[in-house]
Amino acid sequence: MVALTTNGQGPFPPEHLYVFVSDDRFIYLAEIALKEPIKEIAKCKVVWDSINTMSEQNLEAYRASHLKDTTSFNKGIELDEIAFKKYCECYHRELKNDKQFDSLLKQAESIATYLEPASKK
């Protein structure tokens with residue numbers, strides 16, 4: 001699994017790799033920060049941009065109202081959340097078809113071999 005750890009929302013490509021291996025009794029987990037970040041997938045950035053533009057328009061209307069137009073503020077925040085969700089969904093769909101995927105898969109397989117319980121080796 002690839003993931004992003006952040007406190008914010010934005011068009012940030014995943015930067016961590018997680019590998020899970022299990023046997024009958026235990027689950028083994030490894031997390032590594034990728035040495036080279038995943039390059040942004042253009043199609044996913046377009047998804048973000050298309051929704052984020054509307055979010056920014058609502059937030060600008062909120063600022064222009066001297067912070068009184070809470071409907072615009074709430075809509076802007078809601079659109080930010082939608083944009084981030086759609087951006088992540090795009091990575092979920094598209095990364096496996098991207099040329100970067102093979103390298104990520106090899107890293108994950110190497111880590112899984114290391115995590116494999118001694119009884120399976």
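Quantities reported herein were computed from a predicted structural model and do not represent experimental measurements.
- Nearest heavy atom pair, residue K86 against residue V47, reads CB-CG1, 3.6 Å.
- Under the 4.5 Å side-chain heavy-atom criterion for Ile, Leu, Val, Met, Phe, Trp and Tyr, Y28 and I32 are members of the same hydrophobic cluster.
- For the pair Y18 and L29, the tightest heavy-atom approach, listed with the atom from each and the gap, is CD2-CD1, 4.1 Å.
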Task: Worked verdict on D49 versus K45 for salt bridge (charged side-chain N to carboxylate O under 4.0 Å, His left out) - done: CA-CA 6 Å; D49 288 343; K45 179 70 164 82; 2.7 Å; yes
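- D69 places a side-chain N or O within donor-acceptor distance of the main-chain N or O of S72, the cut-off being under 3.5 Å.
- Between R63 and E60 there is a salt bridge, since at least one side-chain N of the basic residue sits less than 4.0 Å from a carboxylate O of the acidic one.
- When all heavy atoms are compared, the tightest approach of D80 to S55 is OD1-OG, 2.9 Å.
- In this structure, N58 and L79 approach most closely via the heavy-atom pair ND2-CD1, 3.6 Å.
- Closest of all the heavy-atom pairs between C90 and K43 is SG-C, 4.0 Å.
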TODO: Verify side chain to side chain contact (heavy atoms under 4.5 Å, CB included) between M1 and L17, making sure each step is shown before the conclusion.
DONE: CA-CA 6 Å; M1 171 175 80; L17 178 64; over 6 Å; no
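- Between Y62 and F73, the ring planes are tilted. Angles from 30° to 60° get that label.
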TODO: For the pair L104 and I38, evaluate side chain to side chain contact (heavy atoms under 4.5 Å, CB included) and give the outcome as yes or no after the intermediate values.
DONE: CA-CA 9 Å; L104 291 168; I38 293 174; 3.8 Å; yes
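- In this structure, Y87 and F84 have parallel ring planes: the angle between them is below the 30° cut-off, well short of the 60° mark.
- Residues E36 and K39 approach most closely at OE1-NZ, 4.4 Å, considering heavy atoms.
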TODO: Begin from the C-alpha positions of V2 and L95 and carry the test side chain to side chain contact (heavy atoms under 4.5 Å, CB included) through to its verdict.
DONE: CA-CA 10 Å; V2 293; L95 186 58; 3.7 Å; yes
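- Placement of F20 and I111 in two distinct hydrophobic clusters is found when ILVMFWY residues are connected by side-chain heavy-atom separations under 4.5 Å, directly or transitively.
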- [ ] Take L34 and Q107 through the side chain to side chain contact (heavy atoms under 4.5 Å, CB included) test and state the conclusion after the steps.
- [x] CA-CA 10 Å; L34 296 169; Q107 287 181 62; 3.8 Å; yes
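- Put simply, the side chain of S22 never gets that close to the backbone of I27: no donor and acceptor are under 3.5 Å apart.
- Within 6.0 Å of atom CG in L67, more than 12 heavy atoms from other residues, nucleotides or ligands are found, so the atom counts as buried in its surroundings.
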